[in-house]
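Structure first, then comments.
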Amino acid sequence: GGRRFKRHALHLPAQHSVSQRLVTELTQRIAKLTLSFTDMQTDTKTEIENLKKELFKVSMEIKKLKEPRNGGWSEFGEWTECSAECGGGRQTRTRTCNNPAPANGGGYCEGGAEQSRQCNTDPCPDYKMDIMCDNFMTLYVDGAEKRPAGHLEWNKLSTLHIPSTASLIAVKCQDTGGGYGIVGSVQDAQGNDIVVTDSSWKCSNSWESGWVTPGFVEGSNWKPARDLGDGHFYLNENGEWKDIPSADRRAIWTDRVGMTTVYCRKNI
């Protein structure tokens, strides 16, 4: 009678790890069976046919694995924290080209991996500015002249609100004799210092066209402001300057003394 053969089922690996070796072994097995037994029972012939069908399926799977596969995007992740609490910030989110990842020379995902959008677009509250000079002051914010109460009175504190988007403060101070100095601060709605008078300001003894505007280019005559020291009366004696809230404000001037007019500016 015909010889029977034990059937071996084929199980394709779940992660497409089929090798060419498996195809070769199956092919050799079928050839050997076909050559060795010419007078075989029907069930043996059926087994060989089934093996051939499974071999075909394995071959097609390998061919499919070798074909180029284009990449696909994952879903976007969560938005990042907004870069600003008010006044308009930015936040981003990203995605990855791994769904699936490109393979066998397939193309990378089309489009961008990152999206961005505006956030917290409500305007920020205005800043509060307290400033005074000995003797008379002309004040500018981003090139616009401001005339707060007391700016043309001797030793009078001037208080005003300026936009949180302001980028430049400029002060012209005219000394008519005796003491001299400029002192002030700018704070946000929470009382944090934004600007204080200190040596980071730039001052000059000469007027120049455009010096009150943000785009003005400071020449060599613009020097770091001179700190008038801890003993300056604006920091120690009683007077309205005591109402300037920042503890870090300094009295500043240029290197010139006596009756003069000075020009000082500070980028915010």
Distance, nearest 0.5 Å, that separates SG of C133 from CG of L139: 10.0 Å

Side chains of M132 and Y234: does their closest heavy-atom pair fall under 4.5 Å? yes

Got a second to check how far S158's OG is from M129's CE, nearest 0.5 Å? 9.0 Å

Below 6.0 angstrom between ring centroids: does that apply to W201 and Y263? no

Heavy-atom distance under 4.5 Å between the side chains of V141 and L168, does that happen here? no

Flag yes if V262 and I169 sit in one hydrophobic cluster, no otherwise; membership is Ile, Leu, Val, Met, Phe, Trp, Tyr, and two members link when side-chain heavy atoms are under 4.5 Å apart. yes

Should E240 and K242 count as an ion pair when the cut-off is N to O under 4.0 Å? no

Between W79 and Q115, is there a side-chain donor-acceptor contact under 3.5 Å, judged purely by atom types and distance? no

Please say yes or no: joined through hydrophobic side-chain contacts below 4.5 Å, possibly via intermediate residues, are L160 and I182 part of one cluster? yes

Looking at K156, I'd like to know if its NZ atom is crowded, meaning that more than 12 non-hydrogen atoms belonging to other residues, nucleotides or ligands lie closer than 6.0 Å. no

Looking only at non-hydrogen atoms, find the nearest pair between G88 and A84 and report the distance. O-CB, 4.1 Å

Under 2.5 Å between the sulfurs of C203 and C264, yes or no? yes

Spell out, yes or no, whether W222 and Y140 are grouped together once hydrophobic residues are joined by side-chain heavy atoms under 4.5 Å, including indirect joins. yes

Just so I know, are the side chains of L152 and M137 near enough to count as touching, which here means a heavy-atom distance under 4.5 Å? no

Is there a side-chain contact between P123 and C86 in this structure, where contact means two heavy atoms from C-beta onward sitting under 4.5 Å apart? no

Does F76 have any ring pair (Phe, Tyr, Trp, His ring centres under 6.0 Å) partners at least two apart in sequence or in another chain, and if so, which? none

Do you know the tightest heavy-atom contact between C124 and S164? CB-OG, 3.2 Å

About how many Å separate OG1 of T261 and CH2 of W207, when rounded to the nearest 0.5 Å? 13.5 Å

Spell out, as yes or no, whether a donor-acceptor pair under 3.5 Å connects the side chain of S204 to the backbone of S206. yes

Using atom types as modelled, flag every donor-acceptor pair under 3.5 Å from a side chain in residues 193-200 to any protein atom, sequence neighbours excluded.
{"residue": "D193", "atom": "OD1", "partner": "Q187", "partner atom": "NE2", "Å": "2.8"}
{"residue": "D193", "atom": "OD1", "partner": "S246", "partner atom": "OG", "Å": "3.3"}
{"residue": "D193", "atom": "OD2", "partner": "S246", "partner atom": "OG", "Å": "2.7"}
{"residue": "T197", "atom": "OG1", "partner": "G184", "partner atom": "N", "Å": "3.0"}
{"residue": "T197", "atom": "OG1", "partner": "G184", "partner atom": "O", "Å": "3.3"}
{"residue": "T197", "atom": "OG1", "partner": "R250", "partner atom": "O", "Å": "2.6"}
{"residue": "D198", "atom": "OD1", "partner": "S200", "partner atom": "N", "Å": "2.9"}
{"residue": "D198", "atom": "OD1", "partner": "S200", "partner atom": "OG", "Å": "2.5"}
{"residue": "S200", "atom": "OG", "partner": "K266", "partner atom": "NZ", "Å": "2.8"}

If you measure only the distance, is there a donor-acceptor pair under 3.5 Å linking the side chains of D134 and W154? yes

Side chains of S167 and D142: any donor to acceptor distance under 3.5 Å? yes

Check whether any side-chain N or O of W241 sits under 3.5 Å from a backbone N or O of I244 as a donor-acceptor pair, and report yes or no. no

Distance from W211 atom CH2 to N221 atom CG, nearest 0.5 Å? 12.0 Å

Quick check: does any side chain N or O of H151 sit under 3.5 Å from a backbone N or O of K146, one acting as donor and the other as acceptor? no

Non-hydrogen side-chain atoms of V171 and I131 separated by less than 4.5 Å: yes

For D188 and G191, indicate whether the former's side chain and the latter's backbone hold a donor-acceptor pair under 3.5 Å. yes

The reported gap from CG in N267 to CZ in F216 (rounded to nearest 0.5 angstrom) is 11.0 Å

Apply the test salt bridge (charged side-chain N to carboxylate O under 4.0 Å, His left out) to residues E145 and R147: give CA-CA distance (whole Å), side-chain angles for both, the deciding distance (0.1 Å), then the verdict. CA-CA 7 Å; E145 183 177 349; R147 298 182 179 182; 3.2 Å; yes

Between S116 and R90 the two heavy atoms that sit nearest each other are OG-NH2, 2.9 Å

Contact summary for R256 and R226, nearest pair of heavy atoms: O-NH2, 3.7 Å

Side chains of D122 and N120: does their closest heavy-atom pair fall under 4.5 Å? no

Does some side-chain heavy atom of T46 sit less than 4.5 Å from a side-chain heavy atom of E49? no

R93 vs R117, test: side-chain contact (heavy atoms from CB on, under 4.5 Å). Steps then yes/no. CA-CA 9 Å; R93 62 178 184 174; R117 67 181 183 183; over 6 Å; no

As a quick check of understanding, evaluate salt bridge (charged side-chain N to carboxylate O under 4.0 Å, His left out) for E114 and R95, giving each step before the final call. CA-CA 7 Å; E114 182 178 284; R95 57 181 178 176; over 6 Å; no

How far does CH2 of W73 sit from CD of E110, to the nearest 0.5 angstrom? 10.0 Å

Residue pair N99, S74: steps toward the side-chain hydrogen bond (donor to acceptor under 3.5 Å, both in side chains) verdict: CA-CA 5 Å; N99 189 33; S74 67; over 6 Å; no

Do the side-chain N and O atoms of T254 and N205 include a donor-acceptor pair separated by under 3.5 angstrom? yes

Could you tell me whether the side chain of I268 reaches within less than 4.5 Å of the side chain of V186, counting heavy atoms only? no

For a quick test of reading the model, state the closest non-hydrogen atom pair linking L235 to G229 and the distance between them. CD1-O, 3.5 Å

ILVMFWY network linking F233 to I252, side-chain heavy atoms under 4.5 angstrom: no

Answer yes or no: are there more than 12 heavy-atom neighbours, outside E67 itself, under 6.0 Å from its atom CD? yes

Intermediate values then yes/no, side-chain contact (heavy atoms from CB on, under 4.5 Å), C173 and W253: CA-CA 9 Å; C173 186; W253 202 248; 3.7 Å; yes

Going by atom types only, do E153 and N135 share a side-chain donor-acceptor pair under 3.5 Å? no

Going by atom types only, do T260 and D175 share a side-chain donor-acceptor pair under 3.5 Å? no

